[in-house]
Amino acid sequence: MAPIVRFAPSPTGDLHIGSARTALFNWLYAKHTGGQFLLRIEDTDAERSTTAAIDAIYEGLRWLGLAWHGDAVLQSKRAPRHREVVEAMLAAGNAYRCYCSPADLEEMRAQQKAGGLPMRYDGRWRDRDPADAQAGVKPVIRLKAPRTGETLIADQVQGDVRFAAEQLDDMVLLRGDGSPTYMLAVVVDDHDMDITHIIRGVDHLNNAARQMQIYLAMGWRVPVFAHIPLIHGPDGAKLSKRHGAQGVMEYEKLGYRPEAMRNYLAKLGWAHGDDEIFSTDQTIQWFDLPGIGRSAARFDYDKLRSLNGHYIQSADPAQLATEVLARVPRLPELDPAFAGQTIALHPQAAARIRTLIPDLAKRAKDMNELASNAAPFALAGPLPVDAKAEALLKPEARALLGRLVPVLSAVNDWSVTALDAAVRTLAEAESLKLGDVAQPMRAALTGRTTSPGVFEVLVALGRNEGLARLRAQAR
RNA sequence: GCUCCCUUCGUCUAUCGGAAAGGACGCCAGGUUUUCAACCUGGAAAGACGGGUUCGACUCCCGUAGGGAGCGCCA
């Protein structure tokens with residue numbers, strides 16, 4: 001039977017980068033084994049779940065390229081089925097009503113903590129007569145868990161992990177208002193969805209032991225567990241807002257490409273020998289549970305950037321050019337240097353970007369950098385000259401440009417080689433190094449001190465625009 | 001406090017009892033060069049600590065330290 005896995009996030013904000021990796025691992029496993037990848041939204045907490053957050057999950061998964069099978073299951077819609085299961089457990093004597101008030105429980109925990117005891121429900125209503133209940137208390141329904149023995153989780157990543165029965169208390173299955181708890185809902189849903197492998201964060205490892213009790217009580221087949229390590233911030237602490245971007249779509253805004261994210265996230269906690277860069281197809285082919293490590297990994301932005309740069313360089317040039325053109329207009333919101341500016345694309349923008357894209361791609365680690373570097377060729381209107389370029393355009397440099405313009409005007413074949421030859425000849429005649437001429441040219445042509453090669457730029461701009469930009473700064 | 005998990009260069013990792021402990025990012029140096037990159041070459045850099053087991057431990061066991069997770073009528 002082909003495996004069926006699921007990604008089961010709770011919709012409480014953006015799709016977190018850690019959750020995204022969990023989704024990726026599940027997706028990879030399904031792809032690798034020819035199984036199915038399902039999506040279930042754990043929205044049973046009505047107060048925290050919003051439709052915007054659900055949409056954010058869809059958006060994040062789509063951007064990452066992780067397609068799920070069929071429609072997402074909304075856990076909140078399955079409450080009747082969850083109650084039905086609890087009724088069955090009640091009937092079988094595997095669950096019971098507990099009439100403790102919140103105050104009772106609080107007091108119990110306080111005493112346990114004070115006495116250095118583990119904080120667990122003590123099972124006081126296990127065999128007590130409901131007639132003893134205080135009036136007005138709506139009972140919760142608790143699982144009647146075994147009090148002796150141990151629960152074994154044969155985890156595919158963590159190995160065999162044992163929990164003594166004394167560690168596990170009688171957890172709540174149904175709340176006082178009749179709504180199901182998470183612990184109950186996951187098990188029922190995973191069972192009903194025929195989930196064969198549960199791949200999720202280690203923060204659920206302890207839960208697995210509790211959930212196992214429900215599988216056992218219902219006589220259900222227990223899925224294979226694989227609890228993967230968490231991602232920490234660069235400082236080793238839990239990944240949080242102060243570490244920067246957390247939601248996957250924030251990475252899109254920062255200019256990271258989905259294929260780079262997939263590669264980076266896969267490498268975080270999973271390895272295939274010494275391989276560092278692998279396509280999604282290769283990852284699918286290689287991915288397997290035994291390759292997953294057990295220790296938490298720190299998020300390393302430098303490495304992500306490096307990978308992203310690699311994928312920018314190796315992207316299909318035509319596709320990349322299209323993406324750049326689409327991103328340039330977003331620059332005011334993505335790059336502080338363009339904040340507040342009005343963006344208008346030049347009629348020749350597409351053509352220029354297409355010819356310059358291989359050169360541009362080598363100089364960018366993210367799509368925003370790429371768009372920013374493309375701006376001098378993509379934008380309409382007067383060319384802005386930044387401070388460093390301005391500093392380069394000293395009077396002597398402007399005079400040099402003045403002597404260069406007629407030389408270039410005389411070039412018939414507007415090509416890199418011909419232009420190169422012409423400029424070199426001029427440089428030699430003036431006993432200058434090529435760089436002495438190239439830098440002022442660059443400043444005049446792009447308004448910046450770094451750019452693709454000046455001859456490539458001249459070709460991309462075309463004779464008229466190229467000469468016009470030089471003339472504008474010449475004297 | 002109790003339970004569970006983790007620990008190889010700064011970071012991500014390879015190693016599955018016998019190697020000079022390998023790769024990648026980052027860093028440093030050099031080469032190439034019209035800038036910046038890209039690219040090429042070289043370099044510094046690691047088995048937390050203490051005990052065992054073994055002819056032999058990074059690898060297996062125990063302990064210590066450090067880190068993480070869980071202990072809800074949250075998910």
Side-chain angles (χ1 to χ4, degrees), chain A residues 8-12 42-45 47-49 75 98 100 102 105-106 109 112-121 138-142 153 155 157-159 161-164 166-169 171-177 179 181-183 185-186 201-207 209-210 227 229-230 232 234 236-238 264 267-277 290 293-307 309 313 358-365 373 392 420 423-424 427 433-439 441-443 446 448-455:
Chain A
S10 45
T12 52
E42 311 235 308
D43 59 344
T44 51
D45 184 348
E47 283 175 26
R48 291 203 295 167
S49 302
Q75 192 162 62
C98 162
C100 285
L105 296 174
E106 223 168 280
R109 290 193 192 102
Q112 289 169 337
K113 187 159 192 173
L117 296 166
M119 293 187 286
R120 279 187 293 275
Y121 175 67
K138 284 195 173 156
V140 300
I141 297 179
R142 287 183 183 271
I153 301 296
D155 196 276
V157 172
Q158 306 292 335
V161 184
R162 287 162 221 279
F163 296 87
E166 294 73 30
Q167 282 314 312
L168 279 12
D169 63 1
M171 63 189 153
V172 173
L173 266 15
L174 232 43
R175 302 189 182 98
D177 65 1
S179 63
T181 60
Y182 159 79
M183 214 59 88
V186 238
V202 263
D203 47 336
H204 285 97
L205 183 57
N206 291 269
N207 291 338
R210 311 178 104 80
H227 288 93
L230 269 21
H232 290 166
K238 188 177 173 177
Y264 179 70
K267 189 75 212 305
L268 215 51
W270 172 83
H272 182 266
D274 280 342
D275 294 301
E276 295 288 340
I277 291 174
R294 287 120 310 204
S295 54
R298 300 186 188 200
F299 202 93
D300 182 355
Y301 288 92
D302 282 336
K303 192 147 187 175
L304 207 211
R305 284 187 75 69
S306 164
L307 268 176
Q313 270 196 74
D359 249 331
L360 252 10
K362 288 179 203 159
R363 293 169 170 75
K365 295 284 192 210
N373 292 340
L392 219 53
D420 185 313
V423 173
R424 273 176 207 277
K433 283 186 292 185
L434 185 54
D436 297 331
V437 187
Q439 271 311 85
M441 282 176 74
R442 186 185 324 278
T446 69
R448 310 215 179 165
T449 50
T450 79
S451 80
V454 287
F455 306 118

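All chains are named by letter (A, B, ...) in the order of the sequence lines, taking the proteins before the strands, and each is independently numbered beginning at 1. Not measured: the values here are computed from a predicted model.
Between the P atoms of B:rU59 and B:rA14, the separation comes to 16 Å (whole Å). B:rG10 and B:rG72 are spaced 39 Å apart, taking the P atom of each and rounding to whole Å.
Judged as a salt bridge (charged side-chain N to carboxylate O under 4.0 Å, His left out), and not counting sequence neighbours, the contacts of A:Asp169 are A:Arg210.
Using cut-offs of 30° and 60° on the angle between ring planes, the pair A:Tyr182 and A:His204 is tilted.
Using a 4.0 Å heavy-atom cutoff across all strands shown, A:Arg162 reaches sugar-phosphate atoms only and no base atom. Note on A:Asn207: a base of the nucleic acid sits closer than 4.0 angstrom, heavy atoms only. A:Ser451 comes within 4.0 angstrom of a nucleotide base, judged by non-hydrogen atoms across all strands. Residue-level contact check: A:Gln313 touches the backbone only, with heavy atoms under 4.0 Å from sugar-phosphate atoms and none from bases.
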Nucleotide by nucleotide, 5' to 3', does protein get under 4.0 Å of the base (B), only the sugar-phosphate (S), or neither (-) in nucleotides 7-12 of chain B, counting heavy atoms? S---BB
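The side chain of A:Thr181 places no N or O atom within less than 4.0 Å of a non-bridging phosphate oxygen (OP1 or OP2) of B:rC73. Taking only side-chain nitrogens and oxygens, A:Arg109 comes nearer than 4.0 Å to OP1 or OP2 of B:rG72.
Taking a pair to require two hydrogen-bonding distances under 3.5 Å in either a Watson-Crick or a G-U wobble arrangement, B:rC58 remains unpaired. Using the Watson-Crick or G-U wobble rule with both distances under 3.5 Å, B:rU11 pairs with B:rA24. Using N1 to N3 plus N6-O4 or O6-N4 for Watson-Crick, or N1-O2 and O6-N3 for G-U wobble, each under 3.5 Å, B:rG63 pairs with B:rC49. The partner of B:rG70 is B:rC2, by the rule that a Watson-Crick or G-U pair needs both atom distances under 3.5 Å. B:rA29 is paired with B:rU41 under the Watson-Crick or G-U wobble criterion, all donor-acceptor distances under 3.5 Å.
Listed candidates were B:rU35, B:rU3, B:rC73. Nearest to the side chain of A:Arg363 is B:rU35.
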For nucleotides 28-34 of chain B, print each protein N/O atom paired with a nucleotide N/O atom at under 3.5 Å, atom names and distance only.
{"residue": "B:rU34", "atom": "OP1", "partner": "A:Arg424", "partner atom": "NH2", "Å": "3.4"}
{"residue": "B:rU34", "atom": "O2", "partner": "A:Arg442", "partner atom": "NH2", "Å": "2.7"}

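Applying the 3.5 Å distance criterion, the base of B:rG70 shares no donor-acceptor pair with the side chain of A:Asp203.
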